[in-house]
Participant: 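Before I ask anything, let me first share the structure, which is written out below as structure tokens.
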Amino acid sequence: MPKEPDFIHDLNEAQQRAVRHTEGPLLIVAGAGSGKTRVLTYRIAYLIQQQKAAPNDILALTFTNKAAKEMKERIQQLIGDEARRLWMGTFHSVFSKILRFEAEKIGFTSNYSIYDTDDSKNAIKQLLRENNYDPKEIRPRTIQRLISDAKNELIHPDHYQEKFVHSTLDDITANIYGQYVERLKHNNAMDFDDLLVKPIELFQQHEGVLEKYQDRFKYILIDEYQDTNHAQYKVTNMLARKYKNLCVVGDDAQSIYSFRGADIRNILDFKSDYEEAVEIPLEQNYRSTKAILKAADSIIKRNDSQLNKTLWTDNDMGDAITVLDNYDERDEANRVANYIQELKARKGYGYNDFAVLYRTNYQSRVYEETFRRKGVPYQLVGGLSFYQRKEIKDVLAYLTLLINPDDDTNLIRIINEPSRGIGNKSLHDLMAQARAGNQSLWRVLENVGEIDLYKPAEKSVREFVSMINDLKKDLKNGRKLINITKKLLEQSGYMKSLVEENSPKSMTRRENILELQNAISYFEKNNNNPSLSSFLQEISLITDTDKYDEEKPAVTMMTVHAAKGLEFPVVFVVGLEEELFPVGSRDNEEVNIEEERRLFYVAITRAEEVLFFSHCRSRYKYGEEQRKRRSRFLDEVSPDVVRTETGASIKQNSNNLNGDQKESSDSGSTKIEYDWKKPLYKKKNRSSNTTRIYYDNPDEDPFQVGARVEHNVFGPGKIISRSGQGEKTKVVIYFKERGRKTLMLRVAKLQVIG
DNA sequence: AGAGGGGGCCCCGAT
DNA sequence: GGCCCCCTCT
């Protein structure tokens, strides 16, 4: 065995143990900021340096493509160029690559399309229509969510019937689920969940294929293990079964993706799943000040933490956390911008040292406006990603059609885009024909002469087919992708219609298309074997977080989810209000308050030196002003590390969370104090003789989210959300028999029941 | 067939 | 405040 590399002495004792423990299952419980990326990087370099494995024997699954790329670069610095041959990436990208090799074995071609959430929602909407359900009553999003959950739990459509049918919704889902799976297969398409589920099917049906990959991946590492779902657990469990060299890194306190099926039990049960597993905790935090760490600890200890670890740091105490108390979101954004300018001027921070973290993407808008107005450079991460934009999806749909003609969903997307006279009626006729003959829409288009179709539309179809066939020929002849793209933009009339529109919107779209062309050229130059299908599959999996550039001199704005794994000297956690952070409940689902708390914990632990919390007393939502109560999390945080802007300690109240705030004049300054006794709303006279209206006094108002109510026409139901105030208060109610209704509280005849 | 206007719904997070 | 759907008119 070669001598141990010098680089191992860069690590602390626990980190070294984690690196040296190469054989058998290993659980590294890595607290926030404890250097886990470093451990993973060094561990991989160590495996190679000690000749335990060649680079392509190692599979490392990360949470973002960006993390994979960075780790690869760091490993390259430790051991040299051969690091490029590591298998490293997100679950989705690694398994999509494997599926490209093995697709034929499970009835797909290697040119399979990848559907994003919108694509699968559209496919489901289409199926609902075909099954005579009204997509307005049965929302595609709901069905999509249920199907996705089932897939991640590895529940087959046939078993969904057995398992879940006890309500109308489950019944419909069971019905649609089977058809959806079939439809995707017909389209030669996989959704995001399939990229995890199909490999399992593949391995179950082909023992030899499983063994091939078991032998290939002799060492497996998984980052952010607390956020893996059942399918991810299963597929890696299968792969690691032979050599059992599975090293997982995670932190149960940072599990924030349960909506994606992440199952915290995967990490909690690791030691019982893998009996000989060794657990190594990393407890020294290198990132944050003591004050920040104390705030984080005071939050997380309110949850039932299940893996033992105690974070500590040698860093300084640091400044107290400042709580900003704002009138509304404009005020909030202004104040944040001012602090950024001030800290930059006084303490010498650069713009890229700052991050604004929020719970929901729509909060970014006010910051964009404010920062632009004040000349604060920013980069926005997340929201509507580049590849979800209409014009980008359109162009990609054209390209997809060239290699996957059976993909009806993408074909329908562009068959009349730009409009070429193949309208709803004609499309409907064509689709009917396709379904009758059990063939893809493209086959019908190719043989359009054989069916009865509106003549002008038929002519358009012929032109469309010959245009696509011509492009296909170019592709076959090895013409460059970028040139094919340019040609299709011209021949389809797509560019022309954007030019003619000549609006600000169409200008942006043209710019975006140019950016896509750059991406295609770049891909073509930087890949040895650039195929259209690998391009399309790769970019389907690129996320906005992958594009975040920490060197760019700009303030970063992103959701807390997107900030996972990142760190910033100065962090603003904004919008700390009830019904926002923690988020408000939606549909019939209860908010997982412990997960919201973990999310807040993640937000806090992104900060290295300076941390701000911020909340607004009122905020616009759906164009309406709403009064907001500050987040309960502000009452949970250790009071000795938080201060108001004037340096006073904030008053907290652990049992009454809906206190108001008032200006206090006792110090002569504009010091802000909180008066928890004063109700949030002024009392007004009550009115109405049918339903008692309580909207003026929230303490007595029984019509709160979650309340069970009865309506004299719609019957029993549950309040799922509430908006507006006073007379304009509206509630959304889910009625057992009638579905969702939005009602004015003032006029609805409602009674609280049960 | 397609443009344009009005109404309803919505926006929690993301591979 | 914005998106999507449906309706109506040309």
Side-chain angles (χ1 to χ4, degrees), chain A residues 61-65 89-96 114-118 120-122 125 129 134-137 139-141 145 148 151-152 190-196 224 227-229 231-232 256-262 357-366 369 381-385 387-388 390 416-427 454 456-457 460 501 537 539-546 558-564 575 579-587 589 591-592 595-596 598-599 602-603 619-625 720-721 723 730 732 740-742:
Chain A
L61 297 162
T62 57
F63 204 70
T64 62
N65 290 305
T90 61
F91 271 89
H92 290 84
S93 66
V94 166
F95 286 104
S96 76
I114 297 177
Y115 284 2
D116 66 17
T117 314
D118 283 336
S120 42
K121 252 187 288 187
N122 284 334
K125 192 199 264 175
R129 287 209 182 102
D134 181 358
K136 266 193 286 186
E137 261 180 66
R139 293 192 300 176
R141 198 187 63 188
R145 170 69 55 87
S148 173
K151 283 192 177 183
N152 286 320
M190 302 204 202
D191 64 20
F192 283 147
D193 305 317
D194 288 333
L195 297 179
L196 308 173
E224 308 282 8
D227 282 321
T228 52
N229 63 33
Q232 289 167 322
I256 55 173
Y257 277 94
S258 71
F259 68 92
R260 228 166 60 185
L357 306 182
Y358 35 77
R359 179 63 180 83
T360 66
N361 275 307
Y362 69 84
Q363 288 169 259
S364 68
R365 206 161 50 214
V366 184
E369 285 167 21
V381 180
L384 187 65
S385 95
Y387 293 100
Q388 283 174 287
K390 176 184 160 27
N416 204 33
E417 188 67 59
S419 72
R420 49 172 71 87
I422 309 171
N424 265 332
K425 173 73 173 69
S426 304
L427 181 59
Y454 180 61
S460 297
E501 192 185 321
Q537 288 170 7
I539 61 160
S540 319
L541 300 173
I542 289 178
T543 67
D544 249 35
T545 356
D546 295 330
M558 54 168 70
T559 62
V560 182
H561 280 94
K564 177 160 116 159
E579 301 280 291
L580 183 62
F581 199 171
V583 77
S585 74
R586 236 171 50 146
D587 299 330
E589 277 167 53
V591 175
N592 182 342
E595 180 149 322
E596 293 295 309
R598 289 193 292 269
L599 194 55
V602 169
R619 180 179 290 280
Y620 277 85
K621 200 183 181 188
Y622 305 140
E624 273 179 303
E625 194 185 2
I720 55 184
S721 71
S723 62
K730 283 189 277 190
V732 178
R740 287 166 64 95
K741 303 271 179 202
T742 306

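Convention: sequence-line order gives letters A, B, ...; per-chain numbering from 1.
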Participant: What is the distance, rounded to the nearest whole Å, between atom CG of Leu195(A) and atom C1' of dA14(B)?
Facilitator: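 After rounding, the reported distance stands at 14 Å.
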Participant: Indicate the ring-plane relationship of Phe63(A) and Tyr257(A), choosing parallel, tilted or perpendicular according to the 30° and 60° boundaries.
Facilitator: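 Ring orientation of Phe63(A) relative to Tyr257(A): tilted.
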Participant: What is the distance, rounded to the nearest whole Å, between atom OH of Tyr622(A) and atom P of dG1(C)?
Facilitator: 16 Å
Participant: Go through the steps to decide whether Leu580(A) and Lys621(A) satisfy the test side chain to side chain contact (heavy atoms under 4.5 Å, CB included), and finish with yes or no.
Facilitator: CA-CA 11 Å; Leu580(A) 183 62; Lys621(A) 200 183 181 188; over 6 Å; no
Participant: Quickly work out the Phe63(A) CZ to dT15(B) C1' distance and round it to whole Å.
Facilitator: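 Checked: the CZ to C1' distance equals 8 Å.
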Participant: For Tyr387(A) and dT15(B), give me the distance from atom OH to atom C1', rounded to whole Å.
Facilitator: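 Value for this atom pair: 15 Å.
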Participant: Please determine if a side-chain N or O atom of Thr543(A) lies less than 4.0 Å away from the OP1 or OP2 oxygen of dT15(B).
Facilitator: yes
Participant: Who passes side chain to side chain donor-acceptor pair (under 3.5 Å) against Ser426(A), sequence neighbours left out?
Facilitator: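 If we apply the side chain to side chain donor-acceptor pair (under 3.5 Å) test to Ser426(A), skipping adjacent residues, there are no hits.
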Participant: Expressed in angstrom and rounded to an integer, what is the separation of Asn152(A) atom CG from dT15(B) atom P?
Facilitator: 14 Å
Participant: Between protein and nucleotides 2-5 of chain C, what N or O pairs are separated by less than 3.5 Å?
Facilitator:
residue: dC5(C); atom: OP1; partner: Lys125(A); partner atom: NZ; Å: 2.3

Participant: Measure distances between side-chain N and O atoms of Arg145(A) and base N and O atoms of dG13(B), and say whether any donor-acceptor pair falls under 3.5 Å.
Facilitator: yes
Participant: Quick one: list whatever passes side chain to side chain donor-acceptor pair (under 3.5 Å) with Asp116(A), sequence neighbours left out.
Facilitator: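 Partners of Asp116(A) under the side chain to side chain donor-acceptor pair (under 3.5 Å) test: Lys393(A).
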Participant: How many Å lie between CG on Asp116(A) and C1' on dG13(B), as a whole number?
Facilitator: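 After rounding, the reported distance stands at 16 Å.
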Participant: Under the side chain to side chain donor-acceptor pair (under 3.5 Å) test, which residues partner Arg420(A), sequence neighbours left out?
Facilitator: Tyr398(A)
Participant: Can you tell me the distance, in whole Å, between the CZ atom of Arg598(A) and the C1' atom of dG13(B)?
Facilitator: 13 Å
Participant: Check salt bridge (charged side-chain N to carboxylate O under 4.0 Å, His left out) between Glu369(A) and all other residues, then give those that pass, not counting sequence neighbours.
Facilitator: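 With neighbours one apart ignored, the set is Arg330(A).
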Participant: Please enumerate all residues that pass side-chain contact (heavy atoms from CB on, under 4.5 Å) together with Thr62(A), with sequence neighbours excluded.
Facilitator: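 For Thr62(A) the side-chain contact (heavy atoms from CB on, under 4.5 Å) partners, ignoring immediate neighbours, are Ala67(A), Ala68(A), Met71(A).
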Participant: Does the ring of Phe259(A) meet both stacking tests against the six-membered base ring of dG13(B): centre distance under 5.5 Å and plane angle under 30°?
Facilitator: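 Yes, aromatic ring over the base.
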Participant: Dot-bracket for DNA chain B, 5' to 3', counting Watson-Crick or G-U wobble pairs under 3.5 Å, with [ ] for crossing pairs and | for inter-strand pairs?
Facilitator: ||||||||||.....
Participant: For Ser419(A), which residues count as a side chain to side chain donor-acceptor pair (under 3.5 Å) partner, sequence neighbours excluded?
Facilitator: none
Participant: Could you check how far CG of Asp227(A) sits from P of dG13(B), rounded to whole Å?
Facilitator: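 The distance from CG of Asp227(A) to P of dG13(B) comes to 16 Å, rounded to the nearest Å.
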Participant: Assuming nearest nucleotide by heavy-atom distance, tell me which of Ser540(A) and Val583(A) is located more 5' along DNA chain B.
Facilitator: Val583(A)
Participant: Heavy atoms under 4.0 Å, any strand shown: does Tyr257(A) hit a base, just sugar-phosphate, or nothing?
Facilitator: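 Since only primed, P, OP1 and OP2 atoms lie under 4.0 Å of Tyr257(A), the category is sugar-phosphate.
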Participant: With heavy atoms under 4.0 Å as the rule, sort Asp193(A) into base, sugar-phosphate or nothing.
Facilitator: nothing
Participant: Does any donor atom in the side chain of Ser96(A) or Gln537(A) lie under 3.5 Å from an acceptor atom in the other side chain?
Facilitator: no
Participant: Can you list the residues that meet the side-chain contact (heavy atoms from CB on, under 4.5 Å) rule with Val583(A), with sequence neighbours excluded?
Facilitator: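 Residues passing side-chain contact (heavy atoms from CB on, under 4.5 Å) with Val583(A): Arg359(A), Val591(A), Glu596(A).
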Participant: Below 3.5 Å between N/O atoms, which protein atoms pair up with nucleotides 1-6 of chain B? Just atom names and distances, please.
Facilitator:
residue: dA1(B); atom: OP1; partner: Ser426(A); partner atom: OG; Å: 3.1
residue: dG2(B); atom: OP1; partner: Ser419(A); partner atom: OG; Å: 3.3
residue: dG2(B); atom: OP1; partner: Gly421(A); partner atom: N; Å: 3.1
residue: dG2(B); atom: OP2; partner: Asn416(A); partner atom: ND2; Å: 3.0

Participant: Examine the base of dT15(B) for any acceptor or donor lying under 3.5 Å from a partner atom in the side chain of Thr117(A), and report the outcome as yes or no.
Facilitator: yes
Participant: State which residues pass ring pair (Phe, Tyr, Trp, His ring centres under 6.0 Å) with Tyr454(A); sequence neighbours excluded, sorted by chain then number.
Facilitator: none
Participant: Mapping Thr64(A) and Glu596(A) onto DNA chain B by nearest heavy atom, which one lands closer to the 5' end?
Facilitator: Glu596(A)
Participant: Checking Asp193(A) now: which residues fulfil salt bridge (charged side-chain N to carboxylate O under 4.0 Å, His left out) with it, not counting sequence neighbours?
Facilitator: none
Participant: Taking only N and O in the side chain of Asn361(A), is any of them less than 4.0 Å away from OP1 or OP2 of dA14(B)?
Facilitator: yes
